[in-house]
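Keep in mind that what you see is a predicted model, and the values were worked out from it rather than measured. By convention here, the first residue in the shown sequence is residue 1. Just follow the structure's listing: the first ligand is 1, and inside any ligand the first atom is 1.
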Amino acid sequence: MTSAALVDRFGRTARDLRLSVTDVCNLRCTYCLPETGISWLPRTTILTADELVRLAHVGIEHCGITKIRLTGGEPLTRPDLAEVVRGIALAHPETEIALTTNAVGLAERAEELAMAGLHRVNISLDTVHAETFRQMTRRDGLDRVLDGIRAAVAAGLGPVKINSVLMAGVNDHQLLDLLDFCLDHGSELRIIEQMPIGATRDWARENLISATMIRAMIEERYQLREIPGRGPAPAQRWEVLDDGRLMGSVGIVASVTEPFCGNCDRTRISADGQLRSCLFSHTETDLRGPLRSGASDAELAALWAGGMWTKPRAHGSDAGGFGEDFEQPARAMNAIGG
Ligand code: SAM
């Protein structure tokens with residue numbers, strides 16, 4: 001029963017919950033985290049599995065949430081991840097539960113997660129070249145990610161989508177190798193424009209590999225045909241054709257150059273229980289405190305709806321855009337949930 005729909009001042013309704021289960025990550029992607037000196041959130045503030053399940057329940061039962069994506073940080077760093085999935089799936093079998101992961105260690109856990117009720121995974125992979133993987137993530141592990149992709153498919157967690165960020169001079173020239181890998185494996189590649197949200201705080205527009213550049217690179221080898229009916233999805237999807245023959249599809253998330261905030265249907269809860277109406281919000285609504293002090297479902301739902309009402313028009317402000325006025329929020333991507 002939806003008693004507190006997540007509507008905002010601009011008439012958007014949020015139904016898609018990004019629920020972060022941790023801020024900790026086992027990779028150090030250069031556009032996301034610094035190599036050292038990271039201050040993780042205090043462990044006592046991180047929501048327990050029961051608390052995550054409770055918030056998911058409030059969202060579904062009272063706030064009109066129809067889809068939940070577990071994210072982080074790296075969700076697989078939580079040993080009790082399957083418990084979270086199981087708790088949500090048992091109470092709400094009709095709700096789609098997805099996971100965003102770097103897939104390091106997924107090979108060992110894909111089956112357990114599928115059995116627990118997970119429906120789909122999006123796997124982040126920026127390159128299929130081991131040396132570039134090492135350079136971008138500051139870790140070894142490409143083979144483990146590839147094993148994870150295979151295990152996810154085998155466990156029925158497909159179709160697997162592959163999320164990638166392109167960096168100028170680092171992996172952008174390998175885009176077609178990555179696309180061919182995805183086409184060969186029946187996965188959809190989704191390229192995300194790099195956003196000013198990393199803990200490294202070194203984003204610069206002049207380094208951006210834009211959607212226009214991405215399409216041009218793909219069209220050096222293939223033809224692209226736009227897939228209509230995008231709805232609130234962040235990715236614009238394209239069919240990939242080779243001399244007229246359909247090879248698969250590709251998605252481009254052009255948050256910077258072709259923003260889609262007008263159709264945004266997302267609501268986010270950080271691993272420490274802070275509701276954020278927008279990835280770039282400067283304000284948060286504390287749900288952890290009330291949750292731990294015994295608030296009822298209806299009280300939590302009312303707080304959630306109140307926090308969403310003030311959702312900014314675009315990119316963290318009503319002015320919107322990543323221009324000179326843009327200010328990066330204090331929380332970085334890993335502590336929000338990507
Ligand atoms: N650890 C998980 C993973 O790797 O998928 C989940 C969290 S990660 C923050 C989620 C996604 O955000 C990844 O696909 C990552 O590439 C993307 N991401 C991180 N920083 C980004 C940035 N500055 N701009 C665009 N995407 C970013």
Side-chain angles (χ1 to χ4, degrees), residues 18-34 38 40-41 68-78 81 84 98-106 109 113 118 120-127 132-133 136-139 141-142 144-145 148-149 152 157 160-168 170-172 178 182 187-205 207-211 214 234-235 251-260 266 268-271 276 279-280 315-316 322 326 328-329 331-338:
R18 304 287 157 109
L19 184 58
S20 178
V21 300
T22 181
D23 60 319
V24 171
C25 194
N26 45 3
L27 299 183
R28 294 288 181 276
C29 299
T30 51
Y31 52 81
C32 190
L33 285 169
I38 307 165
W40 304 119
L41 294 168
I68 296 183
R69 174 169 296 283
L70 302 174
T71 181
E74 175 45 51
L76 292 174
T77 61
R78 266 192 90 128
L81 182 62
V84 178
L99 173 72
T100 300
T101 173
N102 61 32
V104 175
L106 184 60
R109 294 172 68 188
L113 289 166
L118 187 68
R120 289 194 307 104
V121 290
N122 282 8
I123 293 178
S124 303
L125 178 64
D126 300 324
T127 175
T132 311
F133 184 94
M136 287 188 79
T137 65
R138 303 191 182 101
R139 298 284 186 273
L142 177 62
R144 297 193 72 197
V145 176
I149 295 173
L157 295 172
V160 172
K161 289 187 182 148
I162 305 288
N163 287 342
S164 302
V165 174
L166 296 182
M167 296 184 78
V170 181
N171 66 335
D172 58 335
L178 190 58
C182 293
S187 296
E188 181 172 284
L189 176 63
R190 299 187 347 151
I191 307 148
I192 310 169
E193 283 183 345
Q194 188 186 346
M195 297 178 281
I197 195 73
T200 43
R201 295 180 177 272
D202 55 0
W203 183 88
R205 185 176 281 268
N207 295 334
L208 182 71
I209 305 295
S210 67
I214 293 163
I252 303 178
V253 181
S255 321
V256 179
T257 62
E258 298 163 16
F260 39 86
R266 282 168 292 289
R268 296 169 188 273
I269 297 179
S270 62
R276 297 176 66 86
L279 183 57
F280 298 97
H315 296 155
F322 292 125
F326 173 78
Q328 184 174 334
R331 254 186 210 267
M333 181 71 129
N334 69 297
I336 297 173

Would you tabulate the polar-atom pairs, meaning N/O of ligand 1 against N/O of the protein, with distances under 3.5 Å, reported to 0.1 Å?
unit_1: ligand 1; atom_1: 1 (N); unit_2: Gly73; atom_2: O; d: 2.9
unit_1: ligand 1; atom_1: 1 (N); unit_2: Glu74; atom_2: OE1; d: 2.9
unit_1: ligand 1; atom_1: 4 (O); unit_2: Ser124; atom_2: OG; d: 3.3
unit_1: ligand 1; atom_1: 5 (O); unit_2: Thr101; atom_2: N; d: 3.4
unit_1: ligand 1; atom_1: 5 (O); unit_2: Thr101; atom_2: O; d: 3.4
unit_1: ligand 1; atom_1: 5 (O); unit_2: Ser124; atom_2: OG; d: 2.5
unit_1: ligand 1; atom_1: 14 (O); unit_2: Ser124; atom_2: OG; d: 2.7
unit_1: ligand 1; atom_1: 16 (O); unit_2: Tyr31; atom_2: OH; d: 2.9
unit_1: ligand 1; atom_1: 23 (N); unit_2: Met195; atom_2: O; d: 2.9
unit_1: ligand 1; atom_1: 24 (N); unit_2: Met195; atom_2: N; d: 2.8

* side-chain contact (heavy atoms from CB on, under 4.5 Å) partner of Ile123, the single match among Leu106, Leu99, Thr100 -> Leu106
Who pairs with [X] by side chain to side chain donor-acceptor pair (under 3.5 Å), at least two apart in sequence or on another chain?
X: Asn163; result: Arg190
X: Arg266; result: none
X: Thr127; result: Gln174

* Could you check whether the rings of Trp203 and Phe322 sit parallel, tilted or perpendicular, using 30° and 60° as the cut-offs? => tilted
* To do: May I ask you to check whether Asn102 and Glu74 show a side-chain donor-acceptor distance below 3.5 Å?
  => yes
